[in-house]
Each structure stands twice: as C-alpha cells, then as structure tokens.
Amino acid sequence: MVEQTIKAMQPDAADFCDIGCGGGNFSLRIARQLPKLAVTLLDLSGPMLDRATQRLIAEGFTVKAAIQDDIRTVSFEPDSFDTMLASASLHHLRTHEEWHAVFARVFRALRPGGAFWICDLIKHENLAAEEVQRRRYADYLTELDGKAYQEEIFDMIARTDTPETIDFQMQTLRGAGFRNLDIVHKNMLNFAVVARKF
C-alpha cells in the first residue's frame, strides 16, 4: 500500500532516503515502483547497509549513498530528498525532544513538495483500546509463529521500544512544518502516515 501510494503521489521523485533501512526491504519495494530513484540508505548497522546495498544493486537500482549513522545525529544537506521513509525505526526514540528534533531534521532534508512516510508501532491514548489492540497483535503473532515467538516480540517491545500515539506524532509533524497529513494505514499496533513539505 505504501509503495503504491508513493508512486501515485510522487511519480517524478528522484531522490529517496530510507531511514533505518535494515536489509532494504522497503527500498526495494519502492525502487520497483519508481526505478529511476537514487536511493540513500541510513542505518546504524554496517552489515545491514551492506546487505541493502547489495540487494538494490543486484536488481539494477542506484544507491547514491549508504550512511552508517543515527537519524538523531546524521547531517543531511537541506533540500536533499523528494521522499523519506522511516519504517519500524522511530519507535526507538526515547524522549519527546528526540521526536521533535528528528521531525525537524527530516523536514529540513526534504525538498519543497517532498513527503515523509512513517510506518511504525503506535500506542493508543485510551488504555482499554490499547489492551484490545495488544491482544489482537498477540493473537496474530502466535498464529504466525507460536506462543514463544509472541512472547519474544512483546518482551523486546517492552525492553527497547517507546512508540508514541498517532495524535502525538501528527501534532509533532505539524509543529515541524509538515502539512497535508494523511493516515494511509492503521491496524492493531501499527500505522502508516504521510506528511508533505510545502
């Protein structure tokens, strides 16, 4: 859904940055939709950057840069990208100040007309709603790979993840200067949003 919406909204995008790219799954999916993209990969892990680079090059796509750094500290030139994506990475931000700083950094790095895509974990404002969604997610993970897998994922979330609510993220995006925010997906504890820079 996300890569198809990127293609529909930004068919002429030239420069793309994958924040927390991991092994390059999203970069590949987006490059397949827009094969002329120049891709910049950002990740803390050197082996993941190597893997993502190899996979993109193997399919004939352009890797403009592979940067081993943290979105909280990386320095991008202003107006560098048409499209930026953070998939399953921002929930590692620990404080509201970090969220504000990262969104401001992304806003500066985007060209006017550019778009920032977030696909990530969320928490709910209402504790009852949170519990219902957690149970649904637990059932999904158990069905996917068993109870031990579900417990492992929930333990990891408890130890390492600090997701924020949709409301907080939307307000913070607007505070950074983004406009035309759209939720393109929401299911259980996950959502996807796009925010434009004008």
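We use all heavy atoms of the structure for the numbers below, so side chains are in, but hydrogens, waters and symmetry mates are not.
Between Glu3 and Lys7 there is no salt bridge, since no side-chain nitrogen of the basic residue lies less than 4.0 Å from a carboxylate oxygen of the acidic one. In this structure, Arg32 pairs ionically with Glu59, as a charged nitrogen and a carboxylate oxygen lie closer than 4.0 Å. Comment: Asp167 does not engage Lys123 in a salt bridge, judged by the lack of any side-chain N to carboxylate O separation of less than 4.0 angstrom. Looking at Asp139 and Arg135, no side-chain N of the basic residue comes within less than 4.0 Å of a carboxylate O on the acidic one, giving no salt bridge. Between Asp15 and Arg111 a salt bridge is recorded (basic side-chain N to carboxylate O distance below 4.0 Å).
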* Going through the distances and angles, do Leu110 and Asp82 end up as a side-chain contact (heavy atoms from CB on, under 4.5 Å)? -> CA-CA 6 Å; Leu110 279 169; Asp82 302 301; 6.0 Å; no
* Is there a side-chain contact (heavy atoms from CB on, under 4.5 Å) between Leu41 and Ile67 once you walk through the steps? -> CA-CA 6 Å; Leu41 302 166; Ile67 304 167; over 6 Å; no
* Test side-chain contact (heavy atoms from CB on, under 4.5 Å) applied to Val106 and Ile19, step by step -> CA-CA 10 Å; Val106 170; Ile19 299 165; 4.0 Å; yes
* To do: Kindly indicate, with the supporting measurements, whether the criterion side-chain contact (heavy atoms from CB on, under 4.5 Å) is fulfilled by Leu173 and Ile118.
  => CA-CA 11 Å; Leu173 286 164; Ile118 302 170; 4.2 Å; yes
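Annotation: side chain of Leu56 is in contact with side chain of Leu28 (closest heavy-atom distance under 4.5 Å). Residues Ile183 and Met170 meet the side-chain proximity criterion, which asks for heavy atoms closer than 4.5 Å. The closest side-chain heavy-atom distance from Asp161 to Leu121 is below 4.5 Å. Residues Asp69 and Leu44 are not in side-chain contact: their nearest non-hydrogen atoms beyond the backbone lie 4.5 Å or more apart. Put simply, the side chain of Thr162 does not reach to within 4.5 Å of the side chain of His92, judged on heavy atoms. The closest side-chain heavy-atom distance from Gln33 to Ile6 is not below 4.5 Å.
No continuous path of hydrophobic side-chain contacts links Trp117 to Phe103 [ILVMFWY only; heavy atoms under 4.5 Å]. Both Ile57 and Ile30 are part of a single hydrophobic cluster, where members link through side-chain heavy atoms under 4.5 Å apart. In the hydrophobic cluster analysis, where Ile, Leu, Val, Met, Phe, Trp and Tyr join through side-chain heavy atoms closer than 4.5 angstrom, Met156 is grouped together with Met188. Under a hydrophobic-cluster definition in which Ile, Leu, Val, Met, Phe, Trp and Tyr are linked whenever side-chain heavy atoms come within less than 4.5 Å, directly or via other members, Trp99 and Phe76 are assigned to the same cluster. Placement of Val102 and Phe168 within a single hydrophobic cluster is found when ILVMFWY residues are connected by side-chain heavy-atom separations under 4.5 Å, directly or transitively.
For the atom pair CZ of Phe116 and CZ of Phe81, the computed distance is 12.0 Å after rounding to the nearest 0.5 Å. How far CD1 of Ile166 is from CG of Asp120: 11.5 Å, rounded to the nearest 0.5 Å. The CG atom of Leu93 sits 5.5 Å away from atom CD of Glu98, with the distance rounded to the nearest 0.5 Å. Rounding to the nearest 0.5 Å gives a distance of 9.0 Å between CZ of Phe16 and SG of Cys21. Note: Leu85 CG to Thr83 OG1 = 9.0 Å, rounded to the nearest 0.5 Å. Remark: His91 NE2 to Leu189 CG distance equals 11.5 Å, nearest 0.5 Å.
Remark: aromatic rings of Phe178 and Phe198 are distant, center separation not under 6.0 Å.
Judged by a 6.0 Å distance limit and a 45° cone about the ring axis, Arg134 is not positioned over the six-membered ring of Tyr137. Because its NZ or CZ atom is not both nearer than 6.0 Å to the ring centre of Phe191 and within 45° of the ring axis, Lys186 does not count as a cation-pi partner of that residue.
Remark: side-chain polar atoms of Asn126 are paired, donor with acceptor, to backbone N or O of Ala128 under 3.5 angstrom. The backbone N or O of Ile71 lies less than 3.5 Å from a partner atom in the side chain of Arg105, making a donor-acceptor pair. Side chain of Arg196 to main chain of Gly113: a donor-acceptor pair is present (N/O by atom type, distance under 3.5 Å, no hydrogens or angles). For Ser89 (side chain) and Ala86 (main-chain N/O), no donor-acceptor pair under 3.5 Å exists by modelled atom type. The backbone N or O of Asp70 lies less than 3.5 Å from a partner atom in the side chain of Thr73, making a donor-acceptor pair. Not one N or O on the side chain of Arg108 forms a donor-acceptor pair closer than 3.5 Å with the backbone of Asp79. A donor-acceptor distance shorter than 3.5 angstrom exists from the side chain of Asp43 to the backbone of Gly22, with no hydrogens or angles considered. Between the Lys197 side chain and the Phe107 main chain, a donor and an acceptor come within less than 3.5 Å of each other. Formation of a donor-acceptor pair under 3.5 Å by the Thr165 side chain with backbone atoms of His124 is not found in this model. Between the side chain of Gln169 and the main chain of Glu164, a donor-acceptor pair closer than 3.5 Å is present.
A donor-acceptor pair shorter than 3.5 Å can be found between the side chains of Gln133 and Arg136.
Taking every heavy atom of both residues into account, Gln10 and Ala115 meet most closely at OE1-CB, 3.4 Å. Among all heavy-atom pairs drawn from Ala13 and Leu37, the shortest one is O-CD2, 3.3 Å. Nearest heavy atom pair, residue Ala109 against residue Met84, reads CB-SD, 3.9 Å.
Around the CE atom of Met9, the shell of radius 6.0 Å holds more than 12 heavy atoms that belong to other residues, nucleotides or ligands. Summarising the local packing, CG of Leu144 is surrounded by more than 12 heavy atoms from other residues, nucleotides or ligands at distances under 6.0 Å. Phe154 CZ: more than 12 foreign heavy atoms inside a 6.0 Å radius.
If you run side-chain hydrogen bond (donor to acceptor under 3.5 Å, both in side chains) between Ser27 and each of Thr53, Thr40, Asp18, only Asp18 comes through.
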